[in-house]
Amino acid sequence: MAQQTNGNEKRLQKSHSLNEPKLVAPPRRKRLSLRHLSAYFNQSVTADTLIGSELTHIEQHAVPDNLKEDVAHLTKGLHMVKVRGAGKQYSRHFELTPDLMGIRQCDSKKWIKRGNSYFDLAEIKEIRSGWNTDVFQAAQKRASYHEPLEEAHCFSLVLGEKHDTLDLIADSEEDRSCWLTVLNTLVKRQKYSALRRRHFKWVKNHFLASDANRDGVLNFEEVMNVLGQMNINMDRHHAKNIFNKADVKKQKNKKEEDALDPEEFVRFYTLLRHRPEIDKIFQEFTKDDDDDFMDPEELQEFLKKAQKADVSVDECRAMIQKYEPLQENKEVDVLSGEGLRQLLLGAEQDIFNLRCNQIYQDMTRPITHYFIDSSHNTYLMEDQLRGPSSIEAYKRALQKGCRCVEMDLWDGNNGEPIIFHGHTLTSKILFKDALTACMEYAFKTSDYPVILSMENHCSVEQQKMVASHLKDILGSTLWYIDLDDTVTEMPSPEKLRGKIVVKGKRLPPPYPDPNVVDEDEVSDEDEAAEIVDEIITKELTKKTGKKVKLAKELSDRVLLKSVHFSNFELAKAKCKCYEMSSFVEKKAEKLISTEPASYVEHNKLFLSRIYPNGLRTDSSNYSPIDMWNVGCQIVALNYQTAGKQMQLYKGKFQDNGKCGYLLKPAALQDARSTFNPNKPETYGCKPKLLTIKIISGQRLPKPGGSMKGEVIDPYVVVSVHGVPPDNQKVKTKIIMDNGFNPLWDETFKLKIQMPELALVRFTVYDYDVRSKNDFVGTYTLPFTCMQEGYCHFRITDKHGDPHIVATLFVHVSIETDS
């Protein structure tokens with residue numbers, strides 16, 4: 001032990017001779033620091049340690065003992081049949097990759113010639129058994145198949161943001177069971193280690209992409225190519241110095257050039273990711289300038305002063321045990337600089353307050369007091385005129401937290417009602433299939449009620465079939481009551497928990513004879529009739545303007561009654577609490593512009609649903625912000641369309657445990673006072689001052705996630721979206737040629753009049769002097785969910801999927817503005 005200590009002392013002296021801070025604690029304290037990693041690499045660091053101290057542990061324990069035989073079986077691979085949308089079948093060989101992070105597919109006869117495909121387990125959104133996708137539903141009905149499909153052999157993987165499916169037929173029920181058991185286990189466990197594993201994979205992929213001759217090592221020129229892929233424009237001399245530090249094995253490639261193997265390349269990468277901005281924070285909160293360690297008391301001071309967190313010394317010790325990567329430091333309860341970096345990347349220090357990940361709001365108020373996560377024409381996968389309709393769209397929306405889905409009902413063949421966008425060329429799906437999907441997926445993400453917004457164009461007979469399916473498929477999950485003058489308040493989300501309710505036309509009481517149908521205007525919101533062509537519009541008005549008979553059987557299943565809106569005074573005088581109106585986007589905007597305070601008062605009493613203009617045939621979206629400002633509850637967007645408006649939408653509904661219901665601010669509920677979003681100060685709002693420091697970015701991607709192209713020139717735009725006085729944005733300077741670790745270190749102060757309605761959006765762009773600046777990534781959250789202190793957060797792509805390892809590092813401070 002003494003000899004080892006002397007060796008450490010010699011290394012320590014050597015590092016000081018190079019003007020580097022000490023790396024090893026004095027022998028008496030027996031602890032190590034990762035603040036400067038190069039000398040420590042020369043001792044014992046492995047590639048796994050560099051990416052994260054838990055990685056080796058994760059790999060060793062990723063699979064339970066009882067599944068190891070099955071995993072070994074699948075890594076060798078099994079034959080399966082792949083089914084495509086056109087009904088064709090392809091014989092393929094599928095195997096689990098040795099790192100247990102993906103599935104590889106190849107043509108079993110032509111592996112080399114035909115190539116292979118890779119499916120990342122991190123992309124798996126859902127695993128389904130049987131015929132539970134559109135592809136299988138269509139395939140099993142096709143008469144052209146030589147043999148009927150064995151449902152017990154079939155399963156599907158739902159992949160990525162677009163919910164594409166990989167539909168497979170195993171050779172036996174046993175093979176399918178093997179795949180399902182292993183994949184379900186790996187996908188669940190991967191969620192625990194997703195960031196670290198994907199980080200490791202990201203580094204590994206860059207290595208493989210630059211190993212042009214596939215010799216398993218990278219020479220200096222290949223490493224310089226990697227730097228370009230990683231968005232780093234580095235001086236060759238500096239890069240060569242880091243290369244030499246990482247080249248501890250002194251290997252040569254076939255051309256006798258110095259080269260790095262995968263482990264050395266990870267060393268090289270880790271030297272690159274040194275974080276001087278965190279070193280600065282670390283030194284600020286350590287009492288001894290020569291000490292490279294933070295003890296529990298110093299950590300407590302940091303968390304109290306910088307992070308505004310009230311924690312005990314014992315809790316700080318627990319954090320050290322959780323985040324410190326070196327066992328030697330854990331044994332003496334100290335945190336290294338690398339440990340602080342890991343802590344600041346932890347969930348507890350995310351900019352999104354963990355409290356908001358839980359359902360914390362009062363869920364016992366009338367349903368009119370909540371914003372409700374809602375989609376428009378939910379069945380559509382693409383545009384509004386020719387795109388496909390699919391039950392997958394309902395599954396996708398419900399899994400994303402949507403609580404109000406739309407169904408446009410029309411007469412179908414064989415007495416079965418169908419769903420499609422009427423008067424267009426969109427495809428058709430059976431109502432009963434869509435309803436079955438809603439029943440299956442309604443409460444997978446949230447227990448709170450699902451609203452079926454029905455636009456009814458059916459004949460009386462098919463309306464009765466709709467009612468029959470509602471009763472048979474939903475059973476006791478369907479919630480409805482007799483509506484009369486005694487009902488003065490709508491039920492709460494808590495009372496409706498686990499229930500599905502219908503919004504649609506309803507016959508007025510007293511009801512006629514049960515055997516007689518009544519006449520009413522079945523649908524007053526035929527959105528397809530708003531198509532731009534004036535001639536078509538006039539013709540459709542002739543066809544759809546007439547009154548259609550409404551079946552009592554369907555009327556009785558409706559809880560939320562659709563009524564035509566004339567004006568606010570008439571609605572207040574005539575409407576019942578269970579009656580609601582739908583407003584096309586243009587009409588809502590006009591009312592917001594001319595009568596904002598009246599609209600707020602209306603929405604305190606009744607539900608309002610907003611839907612896009614008929615001109616949005618490309619399924620684009622309007623901004624939901626103005627609608628929320630006046631308290632509109634059901635602001636329906638086209639879920640299938642990514643972009644700024646959908647990013648704002650999903651950013652808002654992150655709150656309250658992503659349950660799909662958000663309690664409106666008191667200003668939008670209080671019947672005793674009025675609120676005008678254009679003049680929030682008249683209500684007595686308490687403004688806040690948001691001070692936000694954009695410090696740095698880490699591993700920012702190139703636009704579109706490409707590895708090719710120039711190194712980006714990033715800048716950050718911070719914008720606030722809320723009541724009109726709060727709408728503002730600021731932006732940082734441009735950092736040229738550095739997407740890997742740009743350092744901005746810029747502070748902005750933003751006054752927010754109505755914090756309860758404000759969203760804060762961070763967007764990273766790549767500056768281009770010759771053309772439009774490219775979108776790199778974004779993140780949106782409610783102002784009320786922002787956590788103070790130093791925070792990391794992952795930016796997402798335009799679809800809302802987090803980039804693998806890209807983060808922004810900021811400091812947030814919130815004060816009451818005097």
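Here the CH2-CD1 distance, from Trp179 to Ile127, works out to 11.0 Å after rounding to the nearest 0.5 Å. How far OG1 of Thr181 is from CG of Asp70: 7.0 Å, rounded to the nearest 0.5 Å. Taking CD1 of Ile695 as the start and NZ of Lys280 as the end, the distance is 9.0 Å to the nearest 0.5 Å. To the nearest 0.5 angstrom, Lys76 atom NZ is 11.0 Å from His93 atom NE2. Rounding to the nearest 0.5 Å gives a distance of 6.0 Å between CG of Leu335 and CG of Leu299. Atom-to-atom distance recorded for Asn244:CG and Leu260:CG is 9.0 Å, nearest 0.5 angstrom.
Nearest heavy-atom pair, Gly777 versus Ile795, reported as atom, atom and distance to 0.1 Å: CA-CD1, 3.9 Å. Of all the heavy atoms in Ile320 and Met294, the pair that sits closest is CD1-O, 4.3 Å. Residues Gln787 and Asp350 come closest through the heavy atom pair NE2-O, 2.9 Å. Of all the heavy atoms in Glu298 and Phe293, the pair that sits closest is OE1-O, 3.4 Å. Taking every heavy atom of both residues into account, Gly77 and Glu95 meet most closely at CA-CB, 3.5 Å. Contact between Phe775 and Gln647 at its shortest, heavy atoms only, is CZ-NE2, 4.2 Å.
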message = Applying salt bridge (charged side-chain N to carboxylate O under 4.0 Å, His left out) to Arg236 and Glu221, what does each step give before you reach the verdict?
response = CA-CA 10 Å; Arg236 289 178 66 87; Glu221 292 303 323; 2.6 Å; yes
message = If you apply the rule side chain to side chain contact (heavy atoms under 4.5 Å, CB included), what do you find for Leu743 with Ile735, and how did you get there?
response = CA-CA 8 Å; Leu743 184 65; Ile735 303 296; 5.9 Å; no
task = Give the C-alpha distance, both sets of side-chain angles, the deciding distance and a yes or no for side chain to side chain contact (heavy atoms under 4.5 Å, CB included) between Lys240 and Phe220.
result = CA-CA 7 Å; Lys240 185 63 175 177; Phe220 180 67; 3.9 Å; yes
Worked verdict on Met224 versus Phe243 for side chain to side chain contact (heavy atoms under 4.5 Å, CB included) = CA-CA 10 Å; Met224 289 300 294; Phe243 180 95; over 6 Å; no
task = List the steps and the verdict of side chain to side chain contact (heavy atoms under 4.5 Å, CB included) for Phe207 and Tyr269.
result = CA-CA 10 Å; Phe207 179 93; Tyr269 165 75; over 6 Å; no
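Residues Met736 and Ile734 are in side-chain contact: their nearest non-hydrogen atoms beyond the backbone lie under 4.5 Å apart. Using a 4.5 Å cut-off on side-chain heavy atoms (C-beta onward), Phe762 and Ile694 make contact. Side chains of Thr75 and Thr97 form no contact here, defined as non-hydrogen atoms less than 4.5 Å apart. For the pair Arg84/Asp167, no side-chain contact is recorded, criterion being any heavy-atom separation below 4.5 Å from C-beta on. Side-chain atoms of Val716 and Val810, non-hydrogen and from C-beta on, never get closer than 4.5 Å to each other. Residues Glu348 and Tyr323 meet the side-chain proximity criterion, which asks for heavy atoms closer than 4.5 Å. Put simply, the side chain of Lys249 reaches to within 4.5 Å of the side chain of Glu263, judged on heavy atoms. Counting heavy atoms from C-beta outward, Val158 and Thr165 have side chains that approach closer than 4.5 Å.
Within the 3.5 Å criterion, the main-chain N or O of Asp768 finds a donor-acceptor partner in the side chain of Asn773. Put simply, the side chain of His803 gets close to the backbone of Val776: a donor and an acceptor are under 3.5 Å apart. With hydrogens and angles disregarded, a donor-acceptor distance shorter than 3.5 Å links the side chain of Glu324 to the backbone of Ser336. Thr796 contributes a side-chain N or O that, together with a main-chain N or O of Thr778, makes up a donor-acceptor pair within less than 3.5 Å. At least one donor-acceptor pair under 3.5 Å links the side chain of Asp766 to the backbone N or O of Asp713. Between the side chain of Gln698 and the main chain of Val805, no donor-acceptor pair closer than 3.5 Å is present. Using modelled atom types, no side-chain atom of Gln349 and backbone atom of Leu343 make a donor-acceptor pair closer than 3.5 Å. Proximity of a side-chain donor or acceptor of Gln321 to a complementary backbone N or O of Lys330 within less than 3.5 Å is detected.
Residue-environment remark: NZ (Lys798) stays at or below the threshold of 12 foreign heavy atoms within 6.0 Å. The 12-atom threshold is not exceeded at NZ of Lys731, counting heavy atoms of other residues, nucleotides or ligands nearer than 6.0 Å. Heavy-atom neighbours of Glu710 CD from other residues, nucleotides or ligands within 6.0 Å: at or below the threshold of 12. Crowding of Glu69 atom CD: a count of heavy atoms from other residues, nucleotides or ligands under 6.0 Å not exceeding 12.
A salt bridge is defined here as a Lys NZ or Arg NE, NH1 or NH2 lying under 4.0 Å from an Asp or Glu carboxylate O, and Asp258 with Lys250 fails to meet this definition.
Just one of Ile103, Ile124, Leu96, Leu74 meets the side chain to side chain contact (heavy atoms under 4.5 Å, CB included) condition when paired with Leu186; it is Leu96.
By the ring pair (Phe, Tyr, Trp, His ring centres under 6.0 Å) test, Phe809 is found to be paired with Tyr790, His792, residues two or more places apart in sequence or in another chain being considered.
A donor-acceptor contact closer than 3.5 angstrom links the side chains of Gln251 and Glu264.
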